Amino acid sequence: MSRRAGVSGGAVLAVGLLLAAVAGSFAWLDMPLAALFTATAVEEAGGFVARFFPPDLSAGFLAKVAWAGLETLAISLLSTLLAALGGAVLALPAAGRHGLAGRHAARFVLNLLRSVPELVWATLMVLAAGLGPFAGTLALALHTTGVLGRLFAEALENSPPTPAEALAGGGAPALVTFLYGTLPLVAPQWLAYALYRWEMNIRMAAILGFVGAGGLGALLYYSLSLFQEAQASTVIIAMLAMAVAVDGASAWLRRRAGA
Amino acid sequence: MSATLRDPAALPRLGWTLTALMLLWPLLQLADFRPAALFEPGNLAAMGHFLAGFLPLETSPDFLALLGRATVDTLAMATAGIALAVLLAVPLGVVLTRSLSVSAIGPGRGGWVGQAVRGAARMLLAVLRGVPELVWALLFVRVFGLGPAAGVLALGITYGGMLGKVYGEILESTDARPARSLLEAGSGRLAALAYGLLPNAGQELLSYTVYRWECAVRASVVMGFVGAGGLGQLMDQSMKMLNGGEAATILATFLVLVLAADGASEALRRRMA
């Protein structure tokens, strides 16, 4: 029998390790996978799903959902805006425009902001600012500042420095140099990044309510806690619709801005 | 300054800025934007008390044992979730790939069947990934009770939707000619996939899966907030008891875990590239 071509010992080892990791994970978690597919479990799950239909479309509840949806939209827009401002402010030193020490300090802050998940920020902000949409806005803004700051800094580093150098050499003050020498070069990319984060933030903003930060998530959490699955399904549909609408709006804006 | 030296685009820019500011006002109202709330005595006291509790970190052996268990839970949840997601995504992704369509290569009937199946698969994937993983987790917790099982299934479903779509896109964008010539020579679809598409697309598929594993680690960290086990659940309990020392230790673990997953995934992907 001939050796099979293209399969190295390393690859076999890697696949073996991978399978071991997966099997180990399932074993550690002690998941009753078999129990999921017994007749009673399937029946129960079916009954649970059936309670979500039809969605609650009464005028009173729809008004509530619309209001929570507006709140969610406001949280996502405002937090993305704040994050774009904060990201721009931190991106300048992070791209090394203010010396090496500033670069390291800014990168550290950005990493810290970025590696704490939005939901954890939200629990902290609920403590700092009280329950409600303001806490959600702050939480999303903090995490997104970390993400956008890094992306903005990368865009800055990749943009040619010559226009800014020419302006600065001609005696323009620092602010004018930035506004007319650097910003026009990076603006389309910054806008594209900010819009992309907005698409993610509308989804996150809908969830933050789980920990008390307002919006559609709060409504979903309440209706599920009260076993009102029909209302929950209306909220989930609203979440999906908003995500699709924001995707569309963001794509349209990006096309218009030529980014 | 003479008029010609002015920025010719200044006026429209000013107009857009003013419009944006006017739109901003209702947004601030809707989001209940009150920075002053941060400095209200009640909130300041609660936060100050909580933050003051951060130091010293909680390092009692009992708590560390709990923390270690929760960390392994989190990693296992991410790995098992991705494994389920791959199981879900591979068949759907392959179904989406037009280059494996037998009816597309010749003047035969039945092309509409393939198209209908592809359309259905695309719809299914869109629904799976359209609902955020935390919402799935919240739903599964109601069905399967508290614990990591809900988290694993939620990750499997959302990430299955994402992976399936991207697998389909990667397979579509690889050179279709080898697969096509295999199909035209009479080989089956699976053979065409294995010998025509995978040699070119395999690396990218693997690398994307590893990247998604990294995302899954981050996602499973917060799954606990809805009762799906792992580090998040521990964090939730500590926050509710306003135990700053425990919360700080868990936060530090979060950071280390996320950064380590980042690093591991980058190293793995660089090795494969």
Side-chain angles (χ1 to χ4, degrees), chain A residues 6 21-22 24-33 36 41 44-45 48 70-71 73-75 77-79 81 111-112 114-120 123-124 126-130 132-138 180 203-204 206-207 210-211 214 217 220-221 224 227 229 232 236 239-240 243-244, chain B residues 7 23-24 26-35 37-38 40 42-44 46-47 50 72-73 75-83 127 130-132 134-135 138-139 142-144 147-149 152-153 199 218-219 221-222 225-226 229 232 235-236 239 242 247 250-251 254-255 258-259 262:
Chain A
V22 170
S25 297
F26 277 106
W28 170 272
L29 291 175
D30 197 18
M31 287 221 353
L33 273 184
L36 290 185
E44 253 173 58
F48 180 69
L70 268 181
E71 211 171 85
L73 187 69
I75 293 174
L77 264 174
L78 212 54
S79 61
L81 203 65
N111 273 334
L112 198 69
R114 197 163 46 95
S115 40
V116 176
E118 295 97 328
L119 219 63
V120 177
T123 53
L124 291 172
V126 164
L127 213 57
F134 182 49
T137 310
L138 284 181
Y180 291 96
R203 293 173 167 83
M204 270 329 280
I207 288 174
F210 290 2
V211 294
L220 181 62
Y221 203 80
L224 276 177
F227 297 101
E229 282 86 1
I236 293 177
M239 282 180 179
L240 279 175
V244 171
Chain B
D7 180 358
L23 283 175
L24 195 60
L27 280 182
L28 291 175
Q29 293 301 311
L30 268 172
D32 200 13
F33 195 78
R34 288 176 303 118
L38 287 175
E40 274 166 20
N43 287 336
L44 265 186
M47 194 65 187
F50 181 66
V72 179
D73 265 359
L75 281 174
M77 222 155 86
T79 310
I82 284 292
V127 172
V131 178
L134 271 168
V135 175
L138 194 66
L139 294 177
R142 314 265 144 190
V143 186
F144 305 118
V152 170
L153 287 179
R218 250 174 293 171
V221 157
V222 295
F225 282 106
V226 295
M235 178 83 185
D236 200 31
M239 299 282 297
L242 289 182
I250 300 171
L251 268 181
F254 269 3
L255 288 187
V258 168
L259 290 179
D262 262 22

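Note that these values count all heavy atoms, side chains included, but never hydrogens, waters or copies made by symmetry. Order of the sequence lines sets the chain letters (A, B, ...), proteins ahead of strands, with each chain counted from 1. The structure displayed is predicted, hence computed values, not measured ones.
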Under 4.5 Å heavy-atom distance to chain B, tell me which part of [X] shows up: side chain, backbone, both or neither.
{"X": "A:Leu77", "value": "side chain"}
{"X": "A:Ala243", "value": "neither"}
{"X": "A:Ile207", "value": "side chain"}
{"X": "A:Leu240", "value": "side chain"}
{"X": "A:Leu81", "value": "side chain"}
{"X": "A:Val211", "value": "side chain"}
{"X": "A:Ser115", "value": "both"}

Could you report the tightest heavy-atom contact between [X] and [Y], atom names first, then the distance?
{"X": "B:Thr79", "Y": "A:Ser25", "answer": "CB-OG, 3.3 Å"}
{"X": "A:Pro117", "Y": "B:Val221", "answer": "CG-CG1, 4.3 Å"}
{"X": "A:Trp28", "Y": "B:Ala76", "answer": "CD1-CB, 3.9 Å"}
{"X": "A:Gly136", "Y": "A:Ile75", "answer": "C-CG2, 4.0 Å"}
{"X": "B:Met77", "Y": "B:Pro148", "answer": "SD-CB, 3.7 Å"}

**Message:** Counting heavy-atom pairs under 4.5 Å with chain A, which one of B:Val222, B:Leu255, B:Asp73, B:Leu259 comes out on top?
**Reply:**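 The option with the most such pairs is B:Asp73.
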**Request:** Could you check which of B:Leu24, B:Leu28, B:Leu134 has the highest count of heavy-atom pairs closer than 4.5 Å to chain A?
**Result:**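 Highest number of heavy-atom pairs under 4.5 Å: B:Leu134.
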**Asked** Quick one: CZ on A:Arg114 to CZ on B:Arg218, what's the gap to the nearest 0.5 Å?
**Response**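 It comes to 7.5 Å.
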**Request:** Counting only heavy atoms closer than 4.5 Å, note whether B:Val258 contacts chain A via side chain, backbone, both or neither.
**Result:**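 Only the side chain of B:Val258 comes within 4.5 Å of chain A.
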**Message:** So for B:Val152, is it side chain, backbone, both, or neither that comes closer than 4.5 Å to the heavy atoms of chain A?
**Reply:**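 Just its side chain gets close to chain A.
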